[in-house]
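Notes follow once the structure below has been shown.
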2 protein chains.
Amino acid sequence: MKKIDILKKLRSSGLRPTKQRVEIAKFLFEREKTFHFTVESLNKLLTKKSTSKISLATIYNSVHSFKAAGHLSEVEVRGNRTYFDTNVSNHHHFYDSETAELIDIDANDIIIQKIPKAPNGKKIKNVEVFINLKN
Amino acid sequence: MKKIDILKKLRSSGLRPTKQRVEIAKFLFEREKTFHFTVESLNKLLTKKSTSKISLATIYNSVHSFKAAGHLSEVEVRGNRTYFDTNVSNHHHFYDSETAELIDIDANDIIIQKIPKAPNGKKIKNVEVFINLKN
DNA sequence: TTTTCACTTTAGAATAATTATAAACTAGAA
DNA sequence: TTCTAGTTTATAATTATTCTAAAGTGAAAA
Ligand SMILES: [Mn+2]
Ligand SMILES: [Mn+2]
Ligand SMILES: [Zn+2]
Ligand SMILES: [Zn+2]
């Protein structure tokens, strides 16, 4: 994804492409593979990589804006911190608690044969499979 | 589960059956169905139910002790608070975000037909299925 | 091009959940 | 009954996150 596309991505979702948002968006979206991160880890990586300092509040703001725009999803991981995911399609995860690392599993790589029906009056919104790993 | 069994349960896991632990354990374990809770919700319910006040720190301590002893499990739910579960067997959950309520799914009620193999050097510890509900 | 202003960034304060501290208390062994 | 390691408790500390409000800026309009 090139810079022009980043600008399009931001503008098309109503996000003014500020210096900070463009820098964060380039870091997050100009990559081949899925990127899983916490705000803390993103902050560290951006600080290391870039010369211009982006405040932590802006990183929180930007990540939340990107999520609201559908450019990021949130993954539920054990622990106190929120994980985000550049893969916004329906998919599943391996989780390696040794390294606190998430690994994507394509939705098609898991087939559920039997599933209970939703309780009275409710419907199934989505199914998340989380596979914990050990050594 | 009767009081005598609560005492056994605590003692057999090396937990001295103090007044507070017995009261919390009775509240948690003397019931037919699984109970899902946060420390905050447990604190509210105990305050309502009982005459003797148990400090919040003790509720945290007790819940952690019970978890360490294998009498409670932790469930990962979206949001900032930790959920605990009196069902310590391998099982799955429905989650109703409207009511913030977890509903147990027996491990046998979900059959996974196809699953990817674990990454190099890793093994699968366990598989958790989380089914989000909508109306 | 300059003006204008709603949107954005930012430092720092506030909040919320949880954990740590350390003094007082107590279950139960001796 | 005495003794003490384990426990409870009030309160402080910590951590992640959100809020606040002042200063800055992108981009539409003049
Ligand atoms: Mn979490
Ligand atoms: Mn959680
Ligand atoms: Zn992912
Ligand atoms: Zn459960």
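Proteins get letters first, then strands, A, B, ... in listed order; numbering begins at 1 in each.
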Of A/Thr38 and A/Asn61, the one whose nearest nucleotide on DNA chain D sits closer to the 5' end is A/Thr38
Residue B/Glu40, side-chain atoms from C-beta onward, closest of D/dA27, D/dT9, C/dA17:
C/dA17
OP1 or OP2 of D/dT8 versus the side-chain N and O atoms of B/Thr58: is any pair under 4.0 Å?
no
Rounded to the nearest angstrom, tell me the gap between atom CG in A/Leu15 and atom P in C/dC7.
12 Å
Measure the distance from NZ on A/Lys19 to C1' on D/dT25 and round it to the nearest whole Å.
11 Å
Starting at NZ of A/Lys33, measure out to OG1 of A/Thr86 and round the result to the nearest 0.5 Å.
12.0 Å
Whole angstroms only, please: what is the CG-C1' distance between A/Leu10 and C/dT9?
15 Å
Whole angstrom is fine here: how far is it from CD1 in A/Ile59 over to P in D/dA16?
14 Å
State whether A/Tyr60 places a side-chain N or O below 4.0 Å from either non-bridging phosphate oxygen (OP1 or OP2) of D/dT17.
yes
Please pick, from C/dA20, C/dT10, D/dT17, the nucleotide with the shortest atom-to-atom distance to any side-chain atom of B/Ala57.
C/dA20
Is any side-chain N or O of A/His64 closer than 4.0 Å to OP1 or OP2 of D/dT17?
no
OP1, OP2 of C/dT18 versus side-chain N and O of B/Thr82: anything below 4.0 Å?
yes
Is there a chain of hydrophobic side chains (I, L, V, M, F, W, Y, each step under 4.5 Å between heavy atoms) that links B/Val75 to B/Val127?
no
Between A/Phe130 and A/Tyr95, does the ring centre distance come in under 6.0 Å?
yes
Would you confirm whether A/Ser50, through its side chain, and A/Thr47, through its main-chain N or O, come within 3.5 Å as a donor-acceptor pair?
no
Does C/dC7 have its OP1 or OP2 closer than 4.0 Å to a side-chain nitrogen or oxygen of A/Arg21?
no
I want to check one thing: is the phosphate of D/dA27, taken as OP1 and OP2, less than 4.0 Å away from some side-chain N or O of A/Arg16?
no
B/Lys67 NZ to C/dT18 P, straight-line distance once rounded to whole Å
12 Å
In terms of side-chain heavy atoms of B/Ser55, which of C/dA11, D/dT9, D/dA27 is nearest?
D/dT9
Aromatic contact between B/Phe66 and B/Phe29, with the criterion being ring centroids under 6.0 Å apart: yes or no?
yes
Length of the line joining B/Lys53:NZ and D/dT11:P, which is rounded to integer Å:
11 Å
Distance check needed: D/dG6 C1' versus B/Arg11 CZ, whole Å only.
14 Å
Is any side-chain N or O of B/Gln20 closer than 4.0 Å to OP1 or OP2 of D/dT9?
yes
Nearest whole Å is fine: how far is D/dT9 P from B/Asn43 CG?
11 Å
Side chain of A/Asn80 only, heavy atoms from C-beta on: which candidate in C/dA11, C/dG28, D/dT15 is closest?
D/dT15
